[in-house]
Amino acid sequence: METYAQRSIRHCIEMIAPFEMPEQQEEGGQFRFYEFMLSLYREMYRNPEEYLVFSKPYEEYMEKLKEQKTPVKKEKEHVTNARESTLRNAFQQAIQFYALYLYRTGLVSEGIDAQTGALMICKEEYTDVKRQMKRIHESQYNDARYEVLAKCGIDVEKDGDTVFITHREYPQMMGGIEYLCKAPDSKYKWMNFLRLDFKNAYAPIPTVDDICKTLSVENAAIVKRLEDSLSGIKCKTKIKPLRGIVSDFRWKVEYACKGKNICGFYADRESFMLCIYYNHFQNITAAAEAFYEEDRALFAWFREQFPERLCKCPNNRRVYFGSEPRRICGLSNRAEIVNPQEDDVDRALYLLKKRLAEINY
């Protein structure tokens, strides 16, 4: 049975980009590095403990939560469980340790040694990288993790004031790390490294088409329908960069018209949430009144797309669906259509059409 840690590792594999190089860019050691990381995640999935990824504490704690008589209603309250968060972060940081270490070494490298293909790093910079790696949870296992990398073929040798990092079997592989880490600084740089996205490493932004390559066929089709519904409309696409690719991280894409978010989605291979934004809580009440008069079935469906939030934060707002009051998050003011079926998508796109008309599009 798949553990929480294995699910996160699988998510990492699913979020990796297909191997593609930009046009007119020759592939050097990039594919070797791509293969190396993909193999590392696959082996980690088969035996997480060998990679010092321990999920048992988290598994046991989550089992205790399930045994509680009163389940936490996360959809209605802002809930922070420090213990759950700490245990989850521990195994997720262990999963991403290997990518983070190689990323940080690549950032401070002074280039590739022409004879050996090694990454060359100033000794002081390398010492600082090792110091930074101690800031993660369960850093007491770091030495064992470096040994794992050694077993995978990574050699680290010091010669005077320089550290040389290479792969015993595929020395040109370091060129893949160098290529990703020497890309121009951007908010997507770490994400591109995690996803091994060589095609977009030097591009200003990934495309929605790139995102769809990581989604299921069904969810990619929903995105296509959403974008088709915006055809001919001047809007800006905003893609939030991923800070990680373990199972808590999903793509977040928003489409803005005339400076206002109008629609968007959250997605990975296993889940999809389509959003229609109303920008102000009073617009939700007004839309509910209009749908009540137009189509009672549509009204009933519309009402169910706004999760109730019972938190006491200052942004909590009361909206009305007919005579029924409901408290929602006033920061989002959106319909949230979770894992929609075809008829749900039809209705959501009808809402979008109405919203576009309201803002004179």
Side-chain angles (χ1 to χ4, degrees), residues 75-76 205 207-209 211-212 215 218-240 250-267 271-311 313-361:
E75 75 280 4
K76 291 191 177 183
I205 186 173
T207 68
V208 175
D209 284 342
I211 290 174
C212 286
L215 306 183
E218 295 78 12
N219 289 341
I222 295 175
V223 175
K224 178 67 165 55
R225 289 191 63 189
L226 179 64
E227 293 217 315
D228 285 348
S229 70
L230 296 171
S231 178
I233 296 173
K234 187 177 180 180
C235 62
K236 180 179 180 181
T237 304
K238 299 184 289 184
I239 299 174
K240 183 178 180 180
R250 296 195 293 167
W251 290 109
K252 177 183 178 181
V253 178
E254 293 175 331
Y255 300 87
C257 298
K258 295 186 176 181
K260 296 181 179 180
N261 287 339
I262 192 71
C263 61
F265 63 88
Y266 291 75
S271 62
F272 191 92
M273 183 170 78
L274 180 60
C275 301
I276 307 298
Y277 290 87
Y278 283 82
N279 307 118
H280 194 278
F281 70 97
Q282 291 178 345
N283 293 335
I284 298 171
T285 296
E289 291 175 353
F291 291 140
Y292 185 83
E293 295 298 325
E294 177 185 343
D295 184 332
R296 296 296 172 86
L298 177 62
F299 166 79
W301 178 87
F302 179 76
R303 178 180 56 201
E304 296 308 309
Q305 310 314 312
F306 293 86
E308 188 172 23
R309 308 293 185 189
L310 300 180
C311 55
C313 71
N315 297 301
N316 193 276
R317 294 290 183 269
R318 180 179 283 109
V319 297
Y320 287 88
F321 297 95
S323 60
E324 175 193 335
R326 182 176 300 179
R327 287 166 55 184
I328 67 165
C329 177
L331 289 176
S332 58
N333 293 311
R334 67 191 182 196
E336 299 180 356
I337 303 96
V338 179
N339 296 326
Q341 301 299 309
E342 187 172 354
D343 58 339
D344 297 314
V345 178
D346 291 340
R347 286 168 168 165
L349 295 183
Y350 181 72
L351 302 189
L352 176 59
K353 181 180 178 181
K354 289 282 192 178
R355 287 292 295 140
L356 289 170
E358 289 168 7
I359 61 173
N360 299 317
Y361 241 121

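Any value given below was found using the heavy atoms of this structure, including those in side chains, with hydrogens, waters and symmetry copies removed.
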Heavy-atom pair of closest approach, residues Y320 and P325: CE2-CB, 3.6 Å
Under 3.5 Å donor-acceptor, K238 side chain and A256 backbone: no
In sequence, state the C-alpha distance, the side-chain angles, and the governing distance for I262 and Y277, and then conclude on side-chain contact (heavy atoms from CB on, under 4.5 Å). CA-CA 5 Å; I262 192 71; Y277 290 87; 5.7 Å; no
Before accepting this row, confirm whether a basic side-chain N of the pair R225/D346 lies closer than 4.0 Å to the acidic partner's carboxylate O. yes
Closest heavy-atom contact between I276 and A348? CD1-O, 3.7 Å
Check against side-chain contact (heavy atoms from CB on, under 4.5 Å), R327 and R309: CA-CA 6 Å; R327 287 166 55 184; R309 308 293 185 189; 5.7 Å; no
Taking atom CD as the centre, does E342 end up with more than 12 heavy-atom neighbours from other residues, nucleotides or ligands that are less than 6.0 angstrom away? no
So, W301 versus D343: side-chain donor-acceptor pair below 3.5 Å or not? no
Derivation of the side-chain contact (heavy atoms from CB on, under 4.5 Å) call for I239 and T237: CA-CA 7 Å; I239 299 174; T237 304; 4.2 Å; yes
Going by an N to O cut-off under 4.0 Å, is there a salt bridge joining E294 and K354? yes
Taking the side chain from N283 and the backbone from Y278, do they hold a donor-acceptor pair closer than 3.5 Å? yes
Whether the side chain of N316 engages the backbone of C313 through a donor-acceptor N/O pair (distance < 3.5 Å, no angle test) should be reported. no
Taking the six-membered ring for Trp, are F302 and Y292 closer than 6.0 Å centroid to centroid? no
Identify the heavy atoms of S332 and E336 that sit nearest to each other, and give their distance. OG-OE2, 4.4 Å
Sort out for me which residue in K260, R334, R355 forms a side-chain hydrogen bond (donor to acceptor under 3.5 Å, both in side chains) with N279. R355
Sub-4.5 Å side-chain heavy-atom contact between P307 and I328: no
Verify whether the ring centers belonging to F272 and Y266 lie closer than 6.0 Å. no
Verify whether one side chain among Y255 and E227 offers a donor that lies under 3.5 Å from an acceptor in the other. yes
Give the minimum heavy-atom separation between A297 and D295, together with the two atoms involved. N-OD1, 2.9 Å
Side chain of R303, backbone of E324: donor and acceptor closer than 3.5 Å? no
